[in-house]
Amino acid sequence: MAMEDPDRKTEVVLLACGSFNPITNMHLRLFELAKDYFHETGKYKVIKGIISPVGDAYKKKGLISANHRVTMAKLATKNSDWVEVDDWESCQSEWLETLKVLRYHHQKLLSADVTNSLQDAVPITKLGRKRKQEPNRHEPIKKKNQSPVVKSVPQVKLLCGSDMLESFGVPNLWKLEDITEIVEKHGLVCISRAGNNVQKFIYESDVLWRHKNNIHLVEEWITNDISSTKIRRALRRGQSIRYLVPDVVRAYIEKNRLYSAESEDRNAGLVLAPLQKHASDPRSSQALNN
Ligand SMILES: Nc1ncnc2c1ncn2[C@@H]1O[C@H](COP(=O)(O)OP(=O)(O)OP(=O)(O)O)[C@@H](O)[C@H]1O
Ligand SMILES: NC(=O)c1ccc[n+]([C@@H]2O[C@H](COP(=O)(O)O)[C@@H](O)[C@H]2O)c1
Ligand SMILES: [Zn+2]
């Protein structure tokens with residue numbers, strides 16, 4: 001649809017899905033690492049990051065209410081000018097496949113784009129004023145004789161750690177068609193995490209191998225294996241979590257006494273929603289073994 005411009009960079013929105021129970025400094029680092037990676041390729045421009053905490057219907061053991069998890073994520077990103085929290089997923093009454101969350105955000109950008117181009121259709125005499133209203137201040141100012149460039153819709157890529165990518169291989173957790181659509185239509189950005197060997201994992205899967213150009217592996221050299229599990233464990237033991245999560249998040253957890261032995265028992269004995277949903281579906285049982 002757009003005039004091809006070799007200098008024009010592909011715009012990317014990064015979407016991170018997960019429990020964020022609670023959000024940690026490492027979750028925030030994922031976004032910074034991915035953004036640096038894309039900008040270093042010279043081909044992409046990361047315009048936004050979205051954190052989408054999973055809803056309560058996910059039924060993971062120890063998962064505290066989405067309300068608190070969303071609030072903490074919002075506190076944590078208050079000072080970021082490009083990462084935001086979206087609570088659409090967490091407001092759904094049922095658990096949603098990650099693919100549906102990706103589709104939703106892509107769709108949302110599409111409709112925003114239509115609205116924008118409708119606005120653009122109105123003749124604008126004072127270009128200067130129009131510019132100011134645009135959210136993207138880093139766009140180079142268009143040269144006079146250039147034909148108007150129709151903005152293409154940004155790609156929404158799933159941002160995750162290597163453990164999430166490797167979870168594609170867990171029986172009954174993911175549908176092969178979902179994995180295929182994620183890597184085919186959207187793309188994946190995977191940050192290395194201690195204990196995972198993603199390259200080998202991709203090599204051993206035909207679908208992932210086929211779409212490996214759309215799977216971006218980012219090496220984290222400043223390794224830091226903070227995890228929400230370890231944060232909750234420290235809290236149960238009365239140990240400090242300072243400098244592991246943003247200070248506003250630490251204060252919020254303390255004020256509301258969010259994590260305890262009791263909270264860790266939430267959903268105990270329940271089956272994780274995706275397992276429950278896909279267990280009877282033969283397509284998901286051995287998703288990657290072909
Ligand atoms: N230290 C880390 N390195 C790389 N990726 C990470 C790291 N911590 C979290 N992630 C990624 O962040 C996303 C959200 O993860 P999640 O909410 O499960 O956090 P977590 O720290 O893994 O929590 P938990 O210990 O409860 O599983 C996932 O894609 C996960 O792989
Ligand atoms: N089939 C699927 O789409 C599928 C399966 C398992 C987990 N997930 C998602 O991956 C994330 C995993 O988060 P946790 O690592 O905190 O369990 C969640 O956002 C969850 O919804 C998606
Ligand atoms: Zn995790």
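Since the structure is predicted, the reported quantities are computational estimates derived from the model, not experimental observations. Each ligand, and each atom within it, is numbered from 1 in the order the structure gives.
The protein atom (non-hydrogen) at minimum distance from atom 14 (P) of ligand 2 is K60 NZ, 3.4 Å. Counting only heavy atoms of the protein, atom 18 (O) of ligand 1 lies nearest to S19 N, 4.4 Å. Residue, atom and distance of the protein heavy atom nearest to atom 31 (O) of ligand 1 are D163 OD1, 2.5 Å. Here the protein heavy atom with the shortest distance to atom 11 (C) of ligand 1 is L30 CD1, 3.5 Å. Looking only at protein heavy atoms, the nearest one to atom 9 (C) of ligand 1 is R193 NH1, 3.4 Å. Protein heavy atom nearest atom 14 (C) of ligand 1, with residue, atom name and distance: H27 NE2, 3.7 Å. Nearest protein neighbour of atom 16 (O) of ligand 2, counting heavy atoms only, is S19 OG, 2.5 Å. For atom 11 (C) of ligand 2, the closest non-hydrogen atom on the protein side is G18 CA, 3.9 Å. Atom 10 (O) of ligand 2 has its closest protein heavy atom at M164 CE, 3.6 Å. Of the protein's heavy atoms, K60 NZ, 3.6 Å lies nearest to atom 27 (O) of ligand 1. With respect to atom 21 (O) of ligand 1, the closest heavy atom belonging to the protein is S228 N, 2.8 Å. The shortest contact between atom 1 (N) of ligand 2 and any protein heavy atom is with L173 O, 3.0 Å. Atom 22 (C) of ligand 2 has T98 OG1, 3.1 Å as its closest protein atom, hydrogens excluded (heavy atom only). The single protein non-hydrogen atom nearest to atom 17 (O) of ligand 1 is F20 N, 2.9 Å, given as residue, atom name and distance.
Counting heavy atoms closer than 4.0 Å to ligand 1, residue E166 contributes nothing at all. Under 4.0 Å from ligand 1, the heavy atoms of I226 that appear belong solely to its backbone. Only the side chain of V54 comes within 4.0 Å of ligand 2, counting heavy atoms alone; its backbone N, CA, C and O stay farther away. Looking at E220 against ligand 1, nothing comes within 4.0 Å, counting heavy atoms. If you look at C17 next to ligand 2, the close heavy atoms, those under 4.0 Å, come from the backbone and the side chain alike.
The NZ atom of K230 sits 14.5 Å away from atom CD1 of I241, with the distance rounded to the nearest 0.5 Å.
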Exercise for the section: Determine, step by step, whether H186 and K157 satisfy the side chain to side chain contact (heavy atoms under 4.5 Å, CB included) criterion, reporting the C-alpha distance in whole Å, the side-chain angles of both residues, the deciding distance to 0.1 Å, and the verdict. Expected result: CA-CA 5 Å; H186 299 279; K157 297 199 182 290; 5.8 Å; no
Practice task
Assess whether side chain to side chain contact (heavy atoms under 4.5 Å, CB included) is satisfied between I226 and V245, documenting all intermediate values.
Solution key: CA-CA 9 Å; I226 304 178; V245 305; 5.8 Å; no
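Residue-to-ligand polar distances place G161 within reach of ligand 1: an N/O pair is separated by less than 3.5 Å. Residue-to-ligand polar distances keep C17 apart from ligand 1: every N/O pair is separated by 3.5 Å or more. Note: no N/O pair closer than 3.5 Å links D178 and ligand 2 by distance alone. Looking at ligand 1, you'll find an N or O of T229 within less than 3.5 Å of one of its N or O atoms.
Side-chain contact check for N21 and Y259: at least one donor-acceptor pair (N or O, by modelled atom type) lies under 3.5 Å. A donor-acceptor pair shorter than 3.5 Å cannot be found between the side chains of K277 and N172.
Applying the 6.0 Å contact sphere to CD of Q199 captures no more than 12 heavy atoms from other residues, nucleotides or ligands. Shown here is K43, whose NZ atom has no more than 12 heavy atoms of other residues, nucleotides or ligands within 6.0 Å. Heavy-atom contacts from other residues, nucleotides or ligands closer than 6.0 Å to CD of E219 number more than 12.
Listed by number with element, the atoms of ligand 1 under 4.0 Å from a non-hydrogen atom of C160 are 29 (O). Close contacts of ligand 1 with R232, meaning ligand atoms under 4.0 Å from a residue heavy atom, involve 26 (O). If you number the atoms of ligand 2 from 1 as listed, the ones under 4.0 Å from a heavy atom of Y58 come out as 7 (C), 12 (C), 13 (O), 14 (P), 17 (O), 20 (C). Atoms of ligand 1 found under 4.0 Å from any heavy atom of M164, numbered from 1 in the order shown, are 29 (O). Those atoms of ligand 2 that come under 4.0 Å of a heavy atom in P274, given as number and element, are 5 (C), 6 (C). Per-residue contacts place H278 under 4.0 angstrom from the following atoms of ligand 2 (heavy atoms of the residue considered): 1 (N). Applying the 4.0 Å criterion to heavy atoms of S227 picks out, from ligand 1, the atoms 21 (O), 25 (O).
In this structure, Y44 has its ring center under 6.0 Å from that of H216.
In this structure, K59 forms no cation-pi arrangement with W95, as its terminal cationic atom is not both closer than 6.0 Å to the ring centre and no more than 45° off the ring axis.
We find that E97 and K100 are joined by a salt bridge, their nearest charged nitrogen and carboxylate oxygen being less than 4.0 Å apart. Taking 4.0 Å as the cut-off between side-chain N and carboxylate O, R69 and D56 count as a salt-bridged pair. Looking at R193 and E220, no side-chain N of the basic residue comes within less than 4.0 Å of a carboxylate O on the acidic one, giving no salt bridge.
In terms of heavy atoms, L14 sits closest to A34 at CD1-CB, 3.7 Å. Heavy atoms only, all atoms of each residue included: E89 and L96 are closest at OE2-O, 4.2 Å. Taking every heavy atom of both residues into account, D86 and P53 meet most closely at O-CD, 3.7 Å. The minimum heavy-atom distance linking K78 with V248 is given by the pair NZ-CG1, 4.3 Å.
Residue W95 places a heavy atom less than 4.0 Å from ligand 2. Contact annotation: K100 has no heavy atom less than 4.0 Å from any atom of ligand 2. The shell of residues lying under 4.0 angstrom from ligand 1, judged by heavy atoms, includes N224. Under a 4.0 Å heavy-atom criterion, K230 is not in contact with ligand 1.
Note: W88 and H105 have perpendicular aromatic rings, judged against thresholds of 30 and 60 degrees for the angle between ring planes.
In this structure the side chain of I253 reaches within 4.5 angstrom of the side chain of M72, judged on heavy atoms.
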